[in-house]
Amino acid sequence: MTYLGYHAAISYDKQDRIFVGTVLGIADSISFHAETKSGLQAAFHRAINSYLEMCWMFGKEAREDYWAIHDLSTNFGKKRFFEWNEGKY
């Protein structure tokens, strides 16, 4: 799932019967959920819009460029992620 350059991983929680999304590739933690797929997309859009608004309000730079690492299981992927995150895991 992609919106305004941000990407999210989606899973389904069988116990709670909801879709759960997590925004990938940013230093902050953003998650969202909904009962339906269409509701999940709307929740994702709201979460990103809220994140961008909060960044603007606090003068924080919104970063979306960390998502480009697709596979952190490789040493190369970990090295690039480490470099792009300014030495922080």
Side-chain angles (χ1 to χ4, degrees):
M1 185 173 283
T2 303
Y3 177 64
L4 298 178
Y6 293 87
H7 302 269
I10 309 302
S11 61
Y12 184 74
D13 185 324
K14 291 180 184 179
Q15 182 176 351
D16 291 334
R17 298 182 192 171
I18 59 172
F19 292 97
V20 179
T22 304
V23 178
L24 303 172
I26 60 174
D28 299 301
S29 178
I30 303 174
S31 61
F32 52 95
H33 66 276
E35 293 180 359
T36 65
K37 289 181 182 179
S38 60
L40 187 69
Q41 183 171 6
F44 178 42
H45 290 194
R46 281 192 306 273
I48 294 299
N49 291 338
S50 293
Y51 171 69
L52 293 173
E53 183 177 343
M54 293 298 289
C55 287
W56 178 80
M57 287 175 57
F58 291 104
K60 177 181 170 92
E61 182 181 352
R63 301 285 304 261
E64 75 242 18
D65 57 346
Y66 301 142
W67 74 270
I69 302 301
H70 297 289
D71 186 3
L72 292 180
S73 65
T74 67
N75 285 334
F76 178 71
K78 289 178 185 174
K79 180 180 182 296
R80 288 183 61 200
F81 182 83
F82 185 76
E83 289 169 353
W84 286 355
N85 282 288
E86 300 167 1
K88 301 173 202 153
Y89 272 104

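Sequence positions, counted from 1, serve as the residue numbers for this chain. Computed from heavy atoms alone, side chains included, the values below leave out hydrogens, waters and symmetry copies.
With sequence neighbours left out, Lys37 forms a salt bridge (Lys or Arg N to Asp or Glu O under 4.0 Å) with no residue at all.
Considering every non-hydrogen atom in both Ala34 and Gly39, the closest pair reads CB-C, 3.3 Å.
Note: Thr2 OG1 to Gln41 CD = 10.0 Å, rounded to the nearest 0.5 Å. Here the straight-line distance linking atom OH of Tyr6 with atom NE2 of His45 works out to 13.5 Å at 0.5 Å rounding. To the nearest 0.5 angstrom, Ile48 atom CD1 is 13.0 Å from Glu53 atom CD.
In the hydrophobic cluster analysis, where Ile, Leu, Val, Met, Phe, Trp and Tyr join through side-chain heavy atoms closer than 4.5 angstrom, Tyr12 is grouped together with Met1. When hydrophobic clusters are built by joining Ile, Leu, Val, Met, Phe, Trp and Tyr residues whose side-chain heavy atoms come closer than 4.5 Å, directly or via intermediates, Trp56 is not grouped with Leu52.
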Extract all donor-acceptor atom pairs below 3.5 Å that involve side chains of residues 16-26 and protein atoms in other chains or at least two apart in sequence.
none

Q. Under the side chain to side chain contact (heavy atoms under 4.5 Å, CB included) criterion, do Asp13 and His33 qualify, and how do the steps go?
A. CA-CA 10 Å; Asp13 185 324; His33 66 276; over 6 Å; no
Q: Verify side chain to side chain contact (heavy atoms under 4.5 Å, CB included) between Tyr3 and Asn49, making sure each step is shown before the conclusion.
A: CA-CA 10 Å; Tyr3 177 64; Asn49 291 338; 3.2 Å; yes
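Counting heavy atoms from C-beta on, the side chains of Tyr51 and Leu4 never come closer than 4.5 Å.
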